[in-house]
2 protein chains.
Amino acid sequence: MKRPTIADIAARAGVSTGAVSYALNGQPGVSESTRRRVLAIAEEIGWNPNRAARALSGAPTNSIGLVLRRPARVLGVEPFFMELISGVEAELSARSFALTLHVVRDPESEIAVYRRWWGERRVDGVLVCDLRIDDPRVPALEDLGLAAVVVGPDEGAGTLASAWSDDGAAVVEAVEYLATLGHRSIARVGGLPDLQHTGVRTAAFTDVCRRLGLADPVTIPTDYTGEGGAHATRRLISSRKRPTAILYDNDIMAIAGLAVAGEMGLAVPRDISLVAWDDSVLCQLVRPPMTAMSRDISAYGARAARLLLDVIAGNPVVSIRDEPAHLIPRGSTGPPRPDAGAGRG
Amino acid sequence: MKRPTIADIAARAGVSTGAVSYALNGQPGVSESTRRRVLAIAEEIGWNPNRAARALSGAPTNSIGLVLRRPARVLGVEPFFMELISGVEAELSARSFALTLHVVRDPESEIAVYRRWWGERRVDGVLVCDLRIDDPRVPALEDLGLAAVVVGPDEGAGTLASAWSDDGAAVVEAVEYLATLGHRSIARVGGLPDLQHTGVRTAAFTDVCRRLGLADPVTIPTDYTGEGGAHATRRLISSRKRPTAILYDNDIMAIAGLAVAGEMGLAVPRDISLVAWDDSVLCQLVRPPMTAMSRDISAYGARAARLLLDVIAGNPVVSIRDEPAHLIPRGSTGPPRPDAGAGRG
DNA sequence: CTGAAAGCGCTTACAG
DNA sequence: CTGAAAGCGCTTACAG
């Protein structure tokens, strides 16, 4: 099939291509009757604007970019990203924006992709995930002047807009819940330690444990994988001061931890309580079902996408703070046994 | 920052923009020394080709599209798609191709997106997933002449190229394994029944059960969700002719089935054996770990992407048949108890 | 080997 | 309200 152009429409309608352009774009400069005629013809011959031609005349490309830098096997198993993408998509498709996705290996390639996209005029803006401490992407994006929204806490986002929730408040909720159940020794299996939001959670965890007078707040850093979670759980369970409750930074690790507890002869929650972060259906599929910090990830994605579209439209930059994750109690948490914890025996 | 153009390079090098273009694209028409000078300047000023301008001159857009039509919550929890995307990406980024992703609700929108992409010249080709019986997308794509590769069995793919594995062979392997363990009554919890690959599996399942003289091969169709899998499992376990083994069409449903079996007082694998399809890490995180049909999904994605690039390049259309999934035995399968199965009691 | 020019399909001041 | 024309940044025959 040959792609119809505005020249075809102009010929049929007996007007200039300029008039057709005005009519199609709802600009003043054509009579109502001409506009209607043009619109009808465009519809009839199945015309679609050639993006390249529009972009060459300075129009936005109507697409945004997302670069992910987690290993493929983590991406596959982490429901987080796909849920985020679903939410982003819901917002974009309503406005006929496209999402361009790229998976890279290292931070340098990530910046190189931004530069290339900017140079190629391939995207109007980007969503930035997994912000790190002193992330070099922030100044790079600021230099380029590429519209960008950080999906994460605004700490370290520089002049870029950001959309996230208060992870610190969520950590506090989880710890206070466990403390109320009677736990005095709570450990945490954390995500990648150089991520900004991991830092936020770790700081909040340390603070609230101190404030509540709990045992030394231990956080074991991991890479978010099931193996990482299993390994950390093994270490915690076999440590001299075994905690009575563990808070995990995602749900894959929590479920791995549940299996490890079973292997090591501990009953959940009688001997140890486990709390997952992120509440994908997995948490309800295991036995006992996992108590989890639940949040609407696809809503985050939608919110971030909307913010990015605002930034692209030139609206003033504001950062959005979404609702924090909230605790859904299920079977994996309960009061500690009076004699539980190797530190007390 | 202002984007540098070939005019900038031409001015610096003291040649015409045409010469710059030839030099940059490795075309004949410029001397070696000029080429080197041009390349050096382009590198120095950080030039990137403006995609829009190139596309307007008929160049490919160097991007491919993928439209997904599963509900957002399924996408999030199904490791399949993200793994597929990882594999596609691995192949694309090596050649500087971009992936444009779109999530839609119904088949009509899916075709509308193809039409729009084609009209806009937004992508050079598309990857088509979840092919259905008499899928209207196939003739639509054939009409448009948009390069396309079906990720799935070639049944129903028409003149489009396809890349998939022999799901039938895999089903046979699973059933023969269970039969060898002594199972005579095997049921299946299938995926969406109107998907082509579900049909292939169902046909193979029916055939092999008949060939081995097993009990009536029952397949319960589902929507691939954990709830769907749980519901189907409940039905099978409480049916008068309770099977001694169940084969699931994905791993989420298998894990849901494992939980249901436990709730209903059945021990796995003593009372019932369960086999998952797709072997994400989830299968190893539950207890007992799940026997699963394992396949390298990201390799499928890479293979399909490579094939699509071939099609875009105008190479002859060939369909690829990858290695079938193969069985990884774990703790969720074993011999049936002599008295197991309500049909025998 | 090189330059000048047309053209891709749009948008948008600029004249009428 | 409308038309003729320039321009976006490339590519590519066409002359020299």
Side-chain angles (χ1 to χ4, degrees), chain A residues 1-39 41-42 45-63 96 116-124, chain B residues 1-39 41-42 45-63 96 116-124:
Chain A
M1 279 173 81
K2 190 195 162 293
R3 294 179 175 83
T5 69
I6 58 167
D8 299 323
I9 302 177
R12 286 231 203 179
V15 295
S16 70
T17 57
V20 170
S21 174
Y22 289 136
L24 257 14
N25 293 306
Q27 303 274 357
V30 285
S31 65
E32 239 344 277
S33 67
T34 305
R35 186 187 307 277
R36 261 200 293 273
R37 199 147 41 90
V38 165
L39 253 26
I41 295 173
I45 66 178
W47 175 85
N48 280 297
N50 180 317
R51 283 281 155 209
R54 281 203 165 160
L56 204 48
S57 308
T61 64
N62 278 22
S63 76
S96 294
R116 189 153 53 76
W117 279 351
W118 174 84
E120 295 180 347
R121 276 190 121 283
R122 205 191 259 280
V123 299
D124 299 324
Chain B
M1 275 176 86
K2 191 194 162 295
R3 293 179 176 83
T5 70
I6 58 167
D8 298 325
I9 302 177
R12 285 232 202 179
V15 295
S16 69
T17 57
V20 170
S21 174
Y22 289 135
L24 256 14
N25 293 306
Q27 304 273 356
V30 285
S31 65
E32 238 348 274
S33 66
T34 304
R35 186 185 307 277
R36 260 201 293 274
R37 200 147 39 91
V38 165
L39 255 25
I41 294 172
I45 67 178
W47 175 85
N48 280 296
N50 180 319
R51 283 281 155 210
R54 278 203 169 161
L56 203 48
S57 308
T61 65
N62 278 23
S63 76
S96 293
R116 190 153 53 76
W117 278 353
W118 174 83
E120 295 181 349
R121 278 189 120 286
R122 206 193 258 282
V123 300
D124 300 323

A.B. asks: Roughly how far, to the nearest 0.5 Å, is the CD atom of B:E120 from the OG atom of A:S96?
C.D. replies: 7.5 Å

A.B. asks: Between B:R122 (side chain) and B:R116 (backbone), is there a donor-acceptor pair under 3.5 Å?
C.D. replies: no

A.B. asks: Rounded to the nearest Å, what distance is computed from the CZ atom of residue A:R51 to the C1' atom of nucleotide D:dC8?
C.D. replies: 16 Å

A.B. asks: B:N50 and A:L56: side chain to side chain contact (heavy atoms under 4.5 Å, CB included), yes or no, with the steps?
C.D. replies: CA-CA 8 Å; B:N50 180 319; A:L56 204 48; 4.3 Å; yes

A.B. asks: What are the two closest heavy atoms between B:L24 and B:A42, and how far apart are they?
C.D. replies: CD1-CB, 4.1 Å

A.B. asks: Which nucleotides of nucleotides 11-16 of chain D have their base under 4.0 Å from a protein heavy atom (B), which only their sugar-phosphate (S), and which neither (-), written as one string 5' to 3'?
C.D. replies: BBB---

A.B. asks: Using whole Å, report how far CG of A:L56 lies from P of C:dA6.
C.D. replies: 18 Å

A.B. asks: Can you tell me how far P of D:dT2 sits from CZ of A:R35, to the nearest Å?
C.D. replies: 10 Å

A.B. asks: Decide yes or no for B:R51 and A:T61: does some side-chain heavy atom of the first lie under 4.5 Å from some side-chain heavy atom of the second?
C.D. replies: no

A.B. asks: Figure out the CZ/C1' separation between B:R121 and D:dC10, and round it to whole Å.
C.D. replies: 13 Å

A.B. asks: B:R54 and B:N25: side-chain donor and acceptor closer than 3.5 Å?
C.D. replies: yes

A.B. asks: Please confirm whether the backbone N or O of A:P28 pairs with a side-chain atom of A:R35, one donor and one acceptor, at under 3.5 Å?
C.D. replies: no

A.B. asks: Looking across every strand, which nucleic acid part, if any, lies under 4.0 Å from A:S16 by heavy atom: base, sugar-phosphate, or nothing?
C.D. replies: base

A.B. asks: With side chain to side chain contact (heavy atoms under 4.5 Å, CB included) as the test, pick out the partner of A:I9 among A:V15, A:V38, A:T17.
C.D. replies: A:V38

A.B. asks: Are the side chains of B:T34 and B:R37 in touch, meaning some heavy atoms are under 4.5 Å apart?
C.D. replies: yes

A.B. asks: For DNA chain D, report each stem as range with range, ordered by first number, or say none. Use Watson-Crick or G-U wobble pairs under 3.5 Å, at least 3 in a row.
C.D. replies: C:1-3 with D:14-16, C:5-12 with D:5-12, C:14-16 with D:1-3

A.B. asks: Within this structure, what is the CG-to-P distance between A:N50 and D:dC10, rounded to whole angstrom?
C.D. replies: 16 Å

A.B. asks: Taking atom P of C:dC10 as reference, at what distance in whole Å does atom CG of A:D8 sit?
C.D. replies: 9 Å

A.B. asks: Return the 5'-most residue of the pair A:P28, B:A52 with respect to DNA chain D, ranking by each residue's nearest nucleotide.
C.D. replies: A:P28

